[in-house]
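Everything on this sheet refers to the single structure shown next.
Labels below follow one simple rule: chain letters A, B, ... track the order of the sequence lines, proteins then strands, and each chain is numbered from 1.
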Amino acid sequence: MDGMLALAADNLLSPIILFFALGVLAAFARSDLSIPEAVAKGMSIYLLFAIGFKGGASVADHGIDGTLILSLLAGLVLSFAIPLVAFALLRIMTALSVTDAAAVAGHYGSISIVTFVAATSVVTGAGLDSEGYMVAVAAVMEAPAILSALWLIARYDKGAAQMDAGLLREILLNGSIVLLVGSFVIGVITGNEGLDLIAPFIVTPFQGVLCLFLLDMGLVAGRGLREARGVLKPGLFAFGVLMPVIGSCFGLAAGLLLGLSTGGVVLFMTLSASASYIAVPAAMRVALPEANPSIYLTLSLGVTFPFNLTLGIPLYLAVATLMTGG
Amino acid sequence: MQTHQAKRVAVIIEAVMQSRLTAAMEDAGVSGYSVLPVLAGGGRSGNWTREGQVGRGQGMVQVICIISPDKMDDLLNKAFAVVERHIGVITGSDCEVLRAERF
């Protein structure tokens with residue numbers, strides 16, 4: 001317990017968390033501090049490129065084994081399955097309609113790459129190794145949850161969801177997935193030699209860019225919470241905190257069954273606990289326009305993301321360390 | 001200089017629906033259109049701003065086109081079919097153009 005509290009305290013005082021908090025406070029205080037859209041997108045591209053490439057280079061160094069394939073499969077299964085759990089929980093805990101509940105559930109089966117990046121940073125800071133291919137697992141887990149959400153809608157409200165070939169292509173080939181997987185593959189191909197070539201760009205500046213990006217995320221989260229105050233009923237808020245913990249349990253089970261390293265288990269737990277706020281909201285706006293975006297965006301960005309960042313990741317690290325003896 | 005009557009249609013729509021709207025416009029015989037970014041807004045769905053956005057799940061664009069009056073109804077029907085279930089506004093107004101043969 002003491003170790004967990006110390007971890008949490010260390011995490012809360014890390015630059016990335018403090019910059020996130022600064023963003024939230026600035027938003028609540030209605031400061032005119034803002035990060036231009038193009039800059040935010042540029043930082044997002046940088047983070048995806050860097051994390052993908054580093055993951056690929058790590059895989060090139062350690063080699064590809066059967067655990068990689070099984071991890072990808074496990075991620076795929078979890079991304080399909082977690083929305084079903086989230087949907088059931090929402091129907092019990094909240095008064096959300098089927099449409100809104102399905103839309104929210106889709107977000108929780110997908111992943112937050114920024115939460116993953118933050119967890120990677122914490123794992124590295126704790127001196128733990130992790131499997132480089134967890135980046136590929138992140139990419140695999142991004143899209144299937146959307147299909148689960150649409151299946152839920154089709155089951156309960158036939159005709160409510162709009163799905164066509166164009167949307168499917170957009171979901172499977174969205175920019176985040178393409179960049180993450182592409183950078184990962186290039187990292188695998190070029191290995192440590194390639195990493196050495198571009199290390200001054202993707203290793204040294206990484207933490208600083210992450211701080212700025214989390215400042216922006218704090219501003220966006222704070223603004224969203226301020227605007228959507230009326231949306232956040234107690235049951236929804238409780239779901240936003242409880243569901244990541246439940247999701248992390250699935251990630252823990254998968255990581256332990258696969259025999260992943262302690263760091264790998266932490267990352268799997270984080271992926272299962274996180275909720276999308278980039279790829280899935282865009283897909284939901286097309287496929288489920290009747291779903292209220294204030295609900296799912298406020299939950300994923302305003303509740304679950306800060307929870308994971310501040311308390312969740314240290315919790316997952318403590319539990320993973322305990323369970324793996326790492 | 002001689003001018004000709006035409007219709008100007010401006011559609012404010014969610015950014016994720018832009019390609020579907022422009023496809024519907026082209027299907028309705030629109031020869032060209034322009035897409036403008038919308039910086040921020042507010043309405044029944046709440047307030048929003050482009051600042052800090054990294055995805056297209058939020059955010060609106062404005063698609064403007066000029067069309068001959070006889071094609072207006074077909075364009076409005078096809079545009080409405082795209083916008084109907086989404087956040088958006090379709091407006092039409094009279095305008096004058098110099099080269100009617102281009103619209």
So with a 6.0 Å cut-off around OH of A:Y46, is the heavy-atom count from everything else above 12?
yes
Would you say the side chain of A:V286 lies within less than 4.5 Å of the side chain of B:R20, judging by non-hydrogen atoms?
yes
Does any non-hydrogen side-chain atom of A:E290 lie less than 4.5 Å from one of B:R85?
yes
Other residues, nucleotides and ligands only: do more than 12 of their heavy atoms fall within 6.0 Å of CZ on A:F19?
no
State, with a plain yes or no, whether a side-chain heavy atom of B:I87 is found less than 4.5 Å away from one of A:R285.
yes
